[in-house]
There are 2 protein chains.
Amino acid sequence: MSKKLIDRDEDILQASLAIKAIAHPLRLKILCVLGAKEVSVQDIVADVGTTQSNISQHLAILRDKGVLSTRKDANRVYYRIGNPRTLKLVEMMRDLFCTT
Amino acid sequence: MSKKLIDRDEDILQASLAIKAIAHPLRLKILCVLGAKEVSVQDIVADVGTTQSNISQHLAILRDKGVLSTRKDANRVYYRIGNPRTLKLVEMMRDLFCTT
DNA sequence: CCAGTAAATTAGCAACCGCTTATATTTTGA
DNA sequence: TCAAAATATAAGCGGTTGCTAATTTACTGG
């Protein structure tokens with residue numbers, strides 16, 4: 001009859017997993033700090049403002065769920081948003097929740 | 001320097017609360033069943049496929065977080081997505097996660 | 001090599017989540 | 001007014017989450 005917004009249960013599960021990964025204040029803030037840029041862990045720690053361990057654990061969650069990609073350069077690890085879709089999603093969040 | 005995607009911590013917190021509310025398979029499926037329509041609880045139960053109690057509790061979460069609105073007609077309660085922003089968000093989820 | 005810095009990992013625990021089961025509330029129709 | 005239907009609420013529990021503190025791993029420059 002009517003066209004469903006999301007058809008398959010499998011898609012719904014995958015979507016909810018991805019959404020869940022970003023549905024946390026620190027993780028969302030990490031994504032906002034990253035934006036389209038590539039940022040080192042220590043700079044993320046400085047910008048977001050919690051312990052290095054805490055940030056590292058949240059980065060691991062985002063990395064394991066496929067939200068973030070990493071590049072290692074010498075002593076440091078740089079994180080970036082893995083694909084344009086996720087970046088688009090974060091941008092949409094701004095449009096939805098931050099319009100004045 | 002660079003323009004942040006979401007500026008204020010307050011916005012980030014609010015956004016993460018709203019996202020968290022929909023970051024659950026059953027709740028996301030409820031939102032997909034609703035779409036732009038208004039649907040009774042029993043029809044949601046039938047479409048989503050779990051117990052009435054379970055659906056009712058998830059509906060309460062979405063209602064309390066301001067995601068859904070309700071209308072009572074006789075014996076039944078009808079739910080709908082409360083505002084265009086949320087509907088837009090669900091539509092974006094489809095675009096992001098269900099493109100083939 | 002080695003001391004120092006960056007990042008990741010582990011353990012532990014308090015708080016929260018999500019389900020089931022049972023019960024309560026509201027409204028209808030006979 | 002009463003039984004039945006539709007929805008909501010409450011209690012209880014097992015599992016998960018998210019933090020802190022402590023330790024470990026990886027890499028660097030000297």
Side-chain angles (χ1 to χ4, degrees), chain A residues 9 12-34 37-82, chain B residues 9 12-34 37-82:
Chain A
D9 278 5
I12 289 187
L13 184 59
Q14 191 199 345
S16 70
L17 287 176
I19 299 167
K20 193 179 178 187
I22 72 172
H24 183 282
L26 287 183
R27 292 198 289 271
L28 185 55
K29 192 168 182 183
I30 287 172
L31 294 174
C32 294
V33 166
L34 287 178
K37 296 177 307 190
E38 192 185 53
V39 184
S40 70
V41 175
Q42 59 182 3
D43 285 349
I44 297 172
V45 170
D47 272 21
V48 172
T50 176
T51 65
Q52 178 268 323
S53 170
N54 197 9
I55 288 291
S56 186
Q57 291 179 64
H58 284 296
L59 287 173
I61 291 172
L62 291 168
R63 180 179 8 100
D64 294 347
K65 299 283 175 57
V67 177
L68 297 183
S69 302
T70 66
R71 180 179 63 90
K72 199 169 202 169
D73 183 30
N75 218 2
R76 313 200 169 168
V77 178
Y78 293 86
Y79 280 81
R80 76 194 112 81
I81 292 179
Chain B
D9 279 5
I12 289 188
L13 184 58
Q14 191 199 345
S16 70
L17 287 177
I19 299 168
K20 193 179 178 187
I22 72 173
H24 184 282
L26 287 183
R27 291 198 288 271
L28 185 55
K29 193 169 181 183
I30 287 172
L31 293 174
C32 293
V33 166
L34 288 177
K37 295 177 308 190
E38 191 185 53
V39 184
S40 71
V41 175
Q42 59 181 1
D43 285 349
I44 296 172
V45 170
D47 271 20
V48 173
T50 176
T51 65
Q52 177 268 322
S53 171
N54 198 9
I55 288 290
S56 186
Q57 291 180 64
H58 283 297
L59 287 174
I61 291 171
L62 291 167
R63 179 177 11 98
D64 294 347
K65 298 284 175 58
V67 177
L68 297 184
S69 303
T70 65
R71 181 179 63 90
K72 199 169 201 170
D73 183 29
N75 218 0
R76 313 198 170 167
V77 178
Y78 293 86
Y79 280 81
R80 75 194 113 81
I81 292 178

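We name chains A, B, ... by the order of the sequence lines, and we start the count at 1 in each one. None of the values given here were measured: they were computed from a predicted structure.
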Query raised in the report: What distance separates B/Glu38 CD from B/Ser69 OG, expressed to the nearest 0.5 Å?
Result: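 It is 9.5 Å, given to the nearest 0.5 Å.
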
Query raised in the report: Going by distance alone, is a donor N or O of one side chain under 3.5 Å from an acceptor N or O of the other, for B/Tyr79 and B/Arg71?
Result: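 No donor-acceptor contact under 3.5 Å links the two side chains.
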
Between [N] atom [atom2] and [X] atom [atom1], what is the distance in whole Å?
{"X": "B/Leu59", "N": "D/dT9", "atom1": "CG", "atom2": "P", "value": "11 Å"}
{"X": "B/Lys20", "N": "D/dT17", "atom1": "NZ", "atom2": "C1'", "value": "9 Å"}
{"X": "B/Arg76", "N": "D/dA4", "atom1": "CZ", "atom2": "P", "value": "18 Å"}
{"X": "B/Gln42", "N": "D/dA8", "atom1": "CD", "atom2": "C1'", "value": "15 Å"}
{"X": "A/Asp73", "N": "D/dA26", "atom1": "CG", "atom2": "P", "value": "18 Å"}
{"X": "B/Asn75", "N": "C/dT27", "atom1": "CG", "atom2": "C1'", "value": "5 Å"}
{"X": "A/Lys72", "N": "D/dC27", "atom1": "NZ", "atom2": "P", "value": "4 Å"}

If you restrict it to nitrogen or oxygen atoms, what contacts under 3.5 Å exist between nucleotides 1-3 of chain D and the protein, and what is each distance?
none

Report task. Using five base pairs at each end, measure the axis-to-axis angle across the helix from C/dC1-D/dG30 to C/dA30-D/dT1 and round it to 10 degrees. Result ->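 The end axes of the helix from C/dC1-D/dG30 to C/dA30-D/dT1 are about 30° apart, to the nearest 10°.
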
Please enumerate all protein N or O atoms sitting under 3.5 Å from an N or O of nucleotides 19-23 of chain D, with distances to 0.1 Å.
unit_1: D/dC19; atom_1: OP2; unit_2: A/Asn54; atom_2: OD1; d: 3.0
unit_1: D/dC19; atom_1: OP2; unit_2: A/His58; atom_2: NE2; d: 2.5
unit_1: D/dC19; atom_1: O5'; unit_2: A/Asn54; atom_2: ND2; d: 3.4
unit_1: D/dT20; atom_1: O4; unit_2: A/Gln57; atom_2: NE2; d: 3.1
unit_1: D/dA21; atom_1: N6; unit_2: A/Ser53; atom_2: OG; d: 2.8

